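Structure first, commentary second.
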Amino acid sequence: MTVQDNPLQNFNISAFQNDLLTWYYTNKRDLPWRQDQDPYKVWVSEIMLQQTKVDTVIPYFNNFIEKFPTVYDLAAAEEQAVLKAWEGLGYYSRARNLQHAVREVVENYGGTVPDDPKQLEGLKGIGSYTKGAILSIAYNQPEPAVDGNVMRVFSRVLNIDDDIALPKTKKLFESVTGEVISHEDPSSFNQAIMDLGATICTPKSPACLVCPVQEHCEAFKLGIEQQLPIKTKAKKNKKMPYAVLLLRNEEGKVAIEQRPEEGLLANLWQFPMVPLQELEMELLENWFYAHYGVRVKLGKKQGEFKHVFSHLTWELGIYPAVLMEQAEQVTSLTFVDEAELGNYPFPVSHQKMMQFL
DNA sequence: AACGCGGGGCG
DNA sequence: CGCCCAGCGTT
């Protein structure tokens with residue numbers, strides 16, 4: 001914010017609300033979580049939508065609600081079943097935190113999703129955005145729900161050039177949104193901003209010519225909508241080479257293991273991976289014995305590919321392997337029939353391995 | 001305040 | 001190939 005201290009000076013709030021809501025009432029997207037205002041469904045949808053596009057979420061949401069229609073069903077489910085329903089969606093701690101929080105709602109709040117800001121934000125996985133989304137969408141409270149869409153839209157409408165990567169900037173937008181939000185229909189207001197950000201006020205080449213709030217937009221007036229919002233912060237992506245073993249025992253079963261309960265892809269399953277950072281290929285079999293307690297014999301490399309995460313890249317070489325001894329040894333590996341693999345939640349990178357089996 | 005945490009789609 | 005997406009928890 002550079003030009004003035006109060007970004008809402010000379011801004012016609014009620015006219016903006018009116019134009020935005022009028023547009024929304026006739027143009028809102030028909031989404032499965034908008035069929036009712038069930039706070040649980042709103043909650044599930046908001047967690048799934050974190051850093052994830054609507055089109056990706058829709059089938060996951062439908063399947064998830066079918067499997068876990070109420071807080072009681074989700075609270076009673078096995079964690080593996082919840083992760084299985086989340087398989088491929090990414091950010092898997094969202095699923096575990098959601099179930100943890102739902103169990104808390106069942107135990108502490110009689111199964112009713114709280115309508116109190118403090119109680120909501122005390123639940124795992126619910127931060128300032130999701131709190132505001134649940135309060136406004138499910139409970140019709142005039143609470144801001146500031147996400148990337150809101151910051152993009154209002155940075156343009158009000159010509160705010162603060163770095164939206166900074167926490168203090170998010171607080172600024174929460175303050176602004178708290179003043180602009182409709183008290184007549186806060187639920188529609190927040191969803192309208194999101195629809196606007198997703199369909200018109202998009203990151204690249206926004207459709208300003210058909211924007212319902214064009215006449216309120218300072219950036220359009222100045223022709224600088226493409227330069228906003230300002231966002232710094234670029235992370236470098238580290239390369240991590242691994243050998244992935246498609247290891248079979250004497251019965252032809254395949255070795256898999258569960259990843260640690262913390263960190264990347266926590267609690268998901270995978271084929272055993274050997275880090276090659278500082279390891280000669282000849283020593284790979286020794287490393288495997290030291291780590292897993294079983295002797296293996298590697299075959300020729302069957303293929304290789306990269307899998308890109310937001311912060312690192314796996315460079316995966318795929319090797320067939322066989323056990324060199326009867327596996328009565330103590331090992332963290334689990335041997336399963338190929339047909340059983342579908343019962344375990346795998347990250348997408350390891351789902352791709354299965355074609356090499 | 002900085003960083004870890006997935007995966008897909010788009011220019 | 002880099003950026004972006006209905007963010008949050010941890011440190």
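Treat the numbers as computed from the prediction; the structure is a model and nothing was measured. To find a chain, count down the sequence lines: A is the first, B the second, and so on, and within it residues start at 1.
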List every contact pair, protein side and nucleotides 3-6 of chain C side both N or O, where the distance is under 3.5 Å.
residue, atom, partner, partner atom, Å
C:dC5, OP1, A:R152, NH1, 2.4
C:dC5, O2, A:Q51, O, 3.4
C:dA6, OP1, A:N149, ND2, 3.3
C:dA6, OP2, A:N149, OD1, 2.8
C:dA6, OP2, A:N149, ND2, 3.4
C:dA6, O5', A:N149, ND2, 2.9
C:dA6, O4', A:D147, OD2, 2.5
C:dA6, N7, A:E46, OE1, 3.4
C:dA6, N7, A:E46, OE2, 3.2
C:dA6, N6, A:W33, NE1, 3.3
C:dA6, N1, A:R29, NH2, 3.0

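For A:S136 (side chain) and A:G132 (main-chain N/O), a donor-acceptor pair under 3.5 Å exists by modelled atom type.
A:K170 comes within contact range of the sugar-phosphate backbone alone, with a heavy-atom separation under 4.0 Å but no base atom that close. Counting any heavy atom pair closer than 4.0 Å across all strands shown, A:L89 reaches a base atom. When heavy atoms are screened at a 4.0 angstrom cut-off, A:S128 is found touching the sugar-phosphate backbone but no base atom.
Contact between the side-chain N/O atoms of A:H311 and the OP1/OP2 oxygens of B:dG6 is not found at any separation under 4.0 Å.
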Decide side chain to side chain donor-acceptor pair (under 3.5 Å) for A:Q50 and A:T130; before the verdict, give the C-alpha distance in whole Å, the side-chain angles of both, and the deciding distance to 0.1 Å.
CA-CA 9 Å; A:Q50 289 168 8; A:T130 306; 3.1 Å; yes
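Linking Ile, Leu, Val, Met, Phe, Trp and Tyr residues whenever their side-chain heavy atoms come within less than 4.5 Å leaves A:V348 and A:Y344 in two separate clusters.
One can place NZ of A:K171 at 12 Å from P of C:dC8, the figure rounded to the nearest angstrom. One can place NZ of A:K236 at 9 Å from P of B:dC3, the figure rounded to the nearest angstrom. In this structure, A:N237 atom CG and B:dG7 atom P are separated by 13 Å, rounded to whole Å. Atom NZ in A:K352 sits roughly 11 Å away from atom C1' in B:dG6 (whole-Å rounding). Nucleotide B:dC5 holds its P atom 7 Å from the CG atom of A:L312, rounded to whole Å. Atom CG in A:L98 sits about 12 Å away from atom P in C:dG9, given to the nearest Å. Between A:E87 atom CD and B:dG8 atom C1' the separation is 16 Å, expressed in whole Å. Rounded to whole angstrom, the span from the NZ atom of A:K306 across to the P atom of C:dG2 amounts to 11 Å.
Legend: ring-ring contact (aromatic ring centres under 6.0 Å, His included) pairs involving residues 240-264 of chain A, not counting sequence neighbours, sorted by first then second residue: A:Y242-A:W314.
Residues A:Q99 and A:E79 bring no donor and acceptor atom of their side chains to less than 3.5 Å of each other.
Shown are A:L74, A:L120, A:L123; of these, the side-chain contact (heavy atoms from CB on, under 4.5 Å) with A:V105 is made only by A:L123.
Side chain of A:V348, nearest nucleotide from B:dG6, B:dG8, C:dT10: B:dG8.
The same atom, P, is picked in B:dC3 and in C:dA6; the two are 24 Å apart, to the nearest Å. B:dG6 and C:dT10 are spaced 14 Å apart, taking the P atom of each and rounding to whole Å.
A:F356 and A:F305 have parallel rings, their planes meeting at less than 30° on a 0 to 90° scale where 60° marks the start of perpendicular.
Both A:K168 and A:P347 lie close to DNA chain B; mapped to their nearest nucleotides by heavy-atom distance, the more 5′-ward contact belongs to A:K168.
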